[in-house]
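The first residue of the sequence shown is numbered 1, and numbering continues consecutively from there. One-based numbering, in listed order, for ligands and for the atoms of each.
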Amino acid sequence: MTRALPSLIRRRLVGEIIRHAVPLGQLNCLPSEATRSADLGLGLAYYALARILRPKHIVVIGSYRGFSVVCFALALRDNGLGRVHLIDASRVDAFWSDAQRAKQHFSRFGVASLVSIYNMPSARCAQTVSPFRDNNPFIDILLLDADHSKKGVTTDVAYFGALVREGGFLCFHDSCAGGVGKTPFQVAEYLATLDVELYESITLEIAKGLTLVRKLPAVEMALDIQRRRREVVSTLADLAGCTDLPTKIRFELRRLKRSMEGLLAAVKQKERLFAARHRYLSNSAAACRKQITDLKKELRLLRSTGVAIEGTAASRRRRNTE
Ligand SMILES: C[S@@+](CC[C@H](N)C(=O)[O-])C[C@H]1O[C@@H](n2cnc3c(N)ncnc32)[C@H](O)[C@@H]1O
């Protein structure tokens, strides 16, 4: 029996995705160049994640032209199960507000039947639309790529993070991005407030950053909490049985040392996140400076060519009139 090739091996489709689903965050060259190199960048990460995890429900909050949605949906099509829910309030332009056009857009990639579109602000969707308002965790992968202010990310995590199943993933795009114009990009600041001890997370430092956070199964967390509680109880019992002060102080100091080590590990994790963000921003600043130099060179070349063409045309005109 022959099986169809996985979607993303087909080069023509990759070109279509880059041209029409527009990966804004990773376009640091012309779309035509990106299409020629057929590099889907983060799109491959979205596709791989969905192929590996075989999710039933993926929720994407915010997408300009559906790049993440298409890459996820192609994986679901190759898996033979699952659905992508796109929530977008059309804050950038009205692209998603025409339901018919939105459906046709996804048909181009053969995934229209796998995508549900909710054209409204995420908070309203969480409060009014089932299954989001039902408080039953059902999301396997959640991608936040909408309001990047700290307040916006915090609100979206409060509403939708609670709907991610144990062992599911919360993904944050633009986790390494700095402020652009008047848009606040504060995803990294939000992430630094998470209690990292409770999560597993990794940041891919490409295309403005993608941070994947796995919601640990409650049983793992519960066991950990139980272990810590037992430790505290036995320490207290030891302290209670202690008759001489110096021993008690020694115990106390050891306990404080352990909790300080825990805090230190959490701070180090936050430092790593900021260092990653800083490295990313320095690299993109250097890339921007190089692009500006190249563009200036091209402009000079164009101007001198233009002058030469102008000169030739003028002398031709003169010859014709003589
Ligand atoms: C510009 S896209 C993000 C692009 C992405 N970073 C990339 O690299 O392709 C952000 C989308 O989020 C949507 N959006 C912003 N705030 C929102 C909110 N509160 N609820 C739903 N969608 C929102 C906007 O309409 C927009 O389409």
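By the criterion of side-chain heavy atoms lying less than 4.5 angstrom apart, applied directly or through intervening Ile, Leu, Val, Met, Phe, Trp or Tyr residues, Leu81 is not grouped with Val115; the two fall into different hydrophobic clusters.
Among Ser90, Ser149, Ala146, the residue whose heavy atom sits closest to atom 17 (C) of ligand 1 is Ala146.
None of Lys290, Gln291, Lys296 except one satisfies the side-chain hydrogen bond (donor to acceptor under 3.5 Å, both in side chains) rule with Asp294; the exception is Lys290.
Numbered from 1 in the order shown, with element, the atoms of ligand 1 that lie under 4.0 Å from a heavy atom of His173 read 5 (C), 6 (N), 7 (C), 8 (O). For ligand 1, the atoms closer than 4.0 angstrom to any heavy atom of Asp174 are 6 (N). With ligand atoms numbered from 1 in the order given, ligand 1 contributes 21 (C) to contacts under 4.0 Å with heavy atoms of Met120.
At under 3.5 Å, not a single nitrogen or oxygen of Trp96, backbone or side chain, sits near a nitrogen or oxygen of ligand 1. For ligand 1, the polar-atom distance check finds an N/O of Ala89 within less than 3.5 Å of one of the ligand's N/O atoms.
The two residues Ala162 and Pro137 make their nearest non-hydrogen contact at O-CG, 3.8 Å. The shortest non-hydrogen separation linking Arg65 to Trp96 is C-CZ2, 3.6 Å. When all heavy atoms are compared, the tightest approach of Cys71 to Tyr46 is CB-CB, 4.0 Å.
Ranking protein heavy atoms by distance to atom 1 (C) of ligand 1, first place goes to Val92 CG2, 3.9 Å. The protein non-hydrogen atom at the shortest distance from atom 27 (O) of ligand 1 is Asp88 OD2, 2.7 Å. Looking only at heavy atoms of the protein, atom 2 (S) of ligand 1 is closest to Tyr64 N, 3.7 Å. Ranking protein heavy atoms by distance to atom 18 (C) of ligand 1, first place goes to Arg91 NH1, 3.7 Å. Summary of contacts: the protein heavy atom closest to atom 8 (O) of ligand 1 is Gly25 N, 2.6 Å. Here the heavy atom of the protein found nearest to atom 20 (N) of ligand 1 is Ser122 N, 2.9 Å. Nearest protein neighbour of atom 5 (C) of ligand 1, counting heavy atoms only, is Asp145 OD2, 2.9 Å.
Contact annotation for Ser63 and ligand 1: only backbone heavy atoms (N, CA, C, O) come within less than 4.0 Å of the ligand.
Put simply, the side chain of Ser149 gets close to the backbone of Gly152: a donor and an acceptor are under 3.5 Å apart. Counting only distance, with no hydrogens or angles, the side chain of Arg133 and the backbone of Cys125 share no donor-acceptor pair below 3.5 Å.
Residue Arg65 places every heavy atom at 4.0 Å or more from ligand 1.
A cation-pi arrangement, defined by a distance under 6.0 Å to the six-membered ring centre and an angle within 45 degrees of its axis, is absent between Arg165 and Phe138.
Checked against the 6.0 Å centroid criterion, the rings of Tyr118 and Phe132 qualify as a close aromatic pair.
Note on Lys215 versus Asp140: no salt bridge recorded, every NZ/NE/NH1/NH2 to OD/OE distance being 4.0 Å or above.
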